Amino acid sequence: MSTASTYQICLAELTNATSSTPTTDALLECISNSFDAAQVSTDLSIDAFFLLYASTLIFFMQTGFAMVCAGCVRLKNVQNTLLKNILDACGVSYGFYSLGYAFAFGTTPGNTATTFIGNRNFFLVGVDDDSFWLFQFAFCATSGTIVAGALAERCQMVAYLAYSLFLSSFVYPVVVHAIWSNNGFLSARNINPLWGSGMIDFAGSCVVHITGGATALIASKLLGPRTGRFHDLHGNLLDSPKEMPGHSLALQCLGTLILWFGWYGFNCGSIITLTINDNYKVISHTAINITLSGAAGCIMTLISSSIAAERSTGETTYYLPYALNGCLSGLVAITAGCSIVDHWASIVIGLTSGALYLVCSKLLVKWRIDDAVDAIPVHLTNGIWGTIAVGLFAVPELLSNVYNSSTHAGWFYKWGMGSADATLLACQLIGILFVTGWVLCMMLPFFWLLHYFGYLRADALEEVIGLDVAYRGGMLESNDDQDEETKKKMDDYIKEYERRKAEKAHFLQMNDNRSGSLFSRAPIPASSLHNESLHGHSFHGRRVVAAGSLDASKTSRDSHRSRSRNEMGEDNAIAKSIDVEQWIENARD
């Protein structure tokens with residue numbers, strides 16, 4: 001490493017170039033250029049480190065999501081839930097690496113035309129700023145993980161991997177391109193923004209949380225509730241929904257605090273460059289708003305739920321899960337406008353988000369939509385509210401600092417200035433409609449196909465026994481978190497589960513011994529139609545104890561058995577020994 005000073009280096013370079021003593025002006029210019037180059041290199045290094053540090057904080061949120069999900073599920077499903085959270089990061093990394101980043105930000109340099117989707121930088125070819133990719137990957141992983149909690153305790157592993165890849169490689173990137181890319185039609189940074197304003201979503205209330213929350217809502221509706229949540233094991237509607245509390249409030253609390261910690265990287269890191277102008281002031285302002293909104297959401301939810309409990313029961317109770325989800329609701333809501341609203345507005349946004357969470361959580365139960373971790377009211381509802389709040393509370397001066405434009409500020413501010421300009425609010429609403437419509441059009445048929453082909457819903461018996469059974473080397477055990485009816489019949493359920501494993505293994509063995517095309521082989525029943533209606537003989541779809549639908553579907557079952565005899569021949573003798581319908585009849589008696 002050279003120990004020569006900048007002056008000595010410049011003097012030697014100029015002397016060698018001119019073969020004479022350089023002038024003072026030339027020497028000063030060389031020194032100035034050297035210092036400028038060093039400053040640029042330092043700024044780039046600081047910005048890269050800033051993004052990498054923010055990325056690690058955001059990725060650490062995966063730990064928070066894992067802890068929240070693990071704490072919200074019953075003990076028999078913990079391993080399954082944790083594995084899905086790990087696979088989320090794995091699946092999203094390859095989806096975003098191969099296609100997602102290109103669709104989100106892949107644009108020819110210098111191209112200012114508005115486009116629907118990116119078209120270059122696939123597999124990161126031609127990408128210079130790797131730290132920016134890591135930062136955006138962490139955001140993408142967060143959007144995918146939101147869905148995991150809502151589907152906990154009843155979703156197949158294949159379905160989880162499939163939607164993680166599809167969401168990260170295509171659905172989410174299109175949303176990112178529309179709102180965050182300089183070429184997006186909704187982007188506030190577009191050279192010709194929508195209505196002269198464009199949509200503002202600083203850190204992802206809409207891009208990340210509405211995308212993940214809307215996907216969770218679609219999947220939860222198609223997947224159906226957990227077995228026993230709204231219906232008994234005979235398929236009869238319960239008088240009141242059965243509570244299925246998680247096994248560890250400690251893990252839920254730990255996960256929530258980790259998420260709150262990671263949120264500082266999530267929102268503050270969205271400034272992208274730390275060394276430009278007064279961006280250090282912007283992220284300081286952002287961090288305060290994060291704190292105030294999260295705290296307001298927690299307090300609002302805790303107090304409101306306590307008042308409601310006191311009015312209905314006469315006793316004041318403090319429900320920790322509500323407080324935790326209220327905190328997350330406040331964090332979600334402030335994400336879109338954390339850098340451009342005043343501190344008092346962040347408190348208002350947080351208080352409103354806590355109330356909205358409680359209302360929407362109750363509505364989901366009323367509509368019999370099962371969300372194991374309340375991801376839908378936390379992320380979808382408050383993602384919508386946070387996006388709208390920008391159109392109401394955005395401060396002109398702060399908008400100018402962050403987006404270099406303050407023409408269209410929040411409606412309340414414009415109203416106070418004697419103007420009825422609601423352009424920004426209108427852009428925010430258009431953005432919400434676009435994202436929800438896009439997710440609906442993409443994810444509804446995707447989940448329906450998984451549903452139709454039997455790759456969405458887990459086996460009903462696996463749900464009762466516990467999804468961890470598939471990850472314990474075949475070891476089955478009962479759990480203490482079952483109701484009395486389930487506990488009494490657990491031994492029978494375990495035996496039946498073993499029968500089904502033998503049945504499936506027999507089908508597979510028969511197919512291995514058969515020759516011919518794929519369509520000439522014996523079918524392995526795999527329908528996952530597992531919603532509010534009962535089903536018949538499909539492997540993944542059978543109820544634990546079927547009710548009247550058995551008689552209604554007798555003709556269908558007889559037809560199925562007849563086809564099975566013709567196809568299996570002598571092999572059918574083994575299949576007949578695994579008579580599931582007979583076992584169900586015995587269980588009913």
Side-chain angles (χ1 to χ4, degrees), residues 84 87-108 111 113-127 132-148 150-151 155-187 199 201 204 206-220 222-223 375 379-380 383 431-453 455-456:
K84 288 176 179 176
L87 291 178
D88 173 71
C90 298
V92 169
S93 64
Y94 284 104
F96 200 68
Y97 162 74
S98 58
L99 301 175
Y101 183 84
F103 288 149
F105 296 102
T107 305
T108 304
N111 181 17
T114 299
T115 55
F116 179 74
I117 195 171
N119 57 7
R120 65 192 307 270
N121 300 135
F122 295 99
F123 296 93
L124 298 188
V125 175
V127 173
F132 184 70
W133 178 89
L134 186 67
F135 182 76
Q136 293 297 334
F137 151 72
F139 269 75
C140 186
T142 300
S143 184
T145 307
I146 291 171
V147 188
L151 309 185
C155 182
Q156 286 191 55
M157 192 68 67
V158 173
Y160 189 80
L161 283 172
Y163 88 73
S164 293
L165 288 170
F166 184 57
L167 188 71
S168 63
S169 62
F170 184 64
V171 179
Y172 173 81
V174 170
V175 176
V176 171
H177 186 83
I179 299 174
W180 284 346
S181 170
N182 293 338
N183 303 90
F185 78 98
L186 290 171
S187 176
M199 178 188 178
D201 184 11
C206 184
V207 173
V208 177
H209 296 285
I210 292 183
T211 300
T215 302
L217 177 60
I218 295 167
S220 296
L222 283 176
L223 188 63
H379 296 279
L380 177 58
I432 293 171
L433 292 175
F434 166 74
V435 174
T436 53
W438 169 253
V439 173
L440 179 66
C441 291
M442 292 295 102
M443 299 310 297
L444 181 61
F446 180 80
F447 279 115
W448 183 86
L449 288 173
L450 289 176
H451 187 75
Y452 180 81
F453 288 107
Y455 294 112
L456 185 59

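What you see is a predicted model, and the numbers here were worked out from it, not measured in a lab.
Between the side chain of T142 and the backbone N or O of A138 there is at least one donor-acceptor pair closer than 3.5 Å. S187 places a side-chain N or O within donor-acceptor distance of the main-chain N or O of S181, the cut-off being under 3.5 Å. Distance alone, capped at 3.5 Å, is enough to place a donor-acceptor pair between the H177 side chain and the T115 backbone. Not a single donor-acceptor pair under 3.5 Å links the side chain of K84 to the backbone N or O of L161.
Close placement of the F447 and Y163 rings is indicated, their centers lying within 6.0 Å of each other. Between Y101 and F122, the ring centre distance reaches or exceeds 6.0 Å.
In this structure, the side chains of I146 and H209 come closer than 4.5 Å at one or more pairs of heavy atoms. Side-chain contact check for Y172 versus F139: some heavy-atom pair is nearer than 4.5 Å. The shortest distance between side-chain heavy atoms of M157 and L87 falls below 4.5 Å.
With no hydrogens or angles considered, no side-chain donor-acceptor pair links N183 and T114 at under 3.5 Å.
Between the CG atom in L167 and the SG atom in C140 there is a gap of 6.5 Å [rounded to 0.5 Å]. With rounding to the nearest 0.5 Å, the separation of CE in M199 from CZ in F434 is 10.0 Å. For the atom pair OG1 (T436) and CG (L217), the distance works out to 10.5 Å, reported to the nearest 0.5 Å. In this structure, the separation between CD1 on I117 and CZ on F170 is 5.0 Å, given to the nearest 0.5 Å. Put simply, CZ on F96 and OG on S168 are 8.5 Å apart, with the number rounded to the nearest 0.5 Å. Of the inter-residue distances, the one linking L433 atom CG with L440 atom CG reads 12.0 Å to the nearest 0.5 angstrom.
Nearest heavy atoms, P173 versus G100: CB-O, 3.2 Å. Pairing each heavy atom of H379 with each of G213, the nearest pair is CB-CA, 4.4 Å. The heavy-atom pair separating D88 from A141 by the smallest distance is OD2-O, 3.1 Å. The two atoms that bring S98 and G95 nearest to each other are OG-O, 3.4 Å, heavy atoms only.
When each of V435, D201, V207, I179 is tested with L186 by the rule side-chain contact (heavy atoms from CB on, under 4.5 Å), just one qualifies, namely I179. Partner of F116 under the ring-ring contact (aromatic ring centres under 6.0 Å, His included) criterion, chosen from F103, W438, F185: W438.
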**Request:** Could you give me the CA-CA distance, side-chain angles and deciding distance for Y160 and L151, then say whether side chain to side chain contact (heavy atoms under 4.5 Å, CB included) is met?
**Result:** CA-CA 9 Å; Y160 189 80; L151 309 185; 5.7 Å; no
**Item:** Worked verdict on L223 versus H451 for side chain to side chain contact (heavy atoms under 4.5 Å, CB included)
**Value:** CA-CA 7 Å; L223 188 63; H451 187 75; 5.9 Å; no
**Message:** Walk me through whether R120 and T108 qualify under side chain to side chain contact (heavy atoms under 4.5 Å, CB included).
**Reply:** CA-CA 7 Å; R120 65 192 307 270; T108 304; 3.8 Å; yes
**Request:** Could you walk me through whether F137 and F132 pass the side chain to side chain contact (heavy atoms under 4.5 Å, CB included) test, one step at a time?
**Result:** CA-CA 9 Å; F137 151 72; F132 184 70; over 6 Å; no
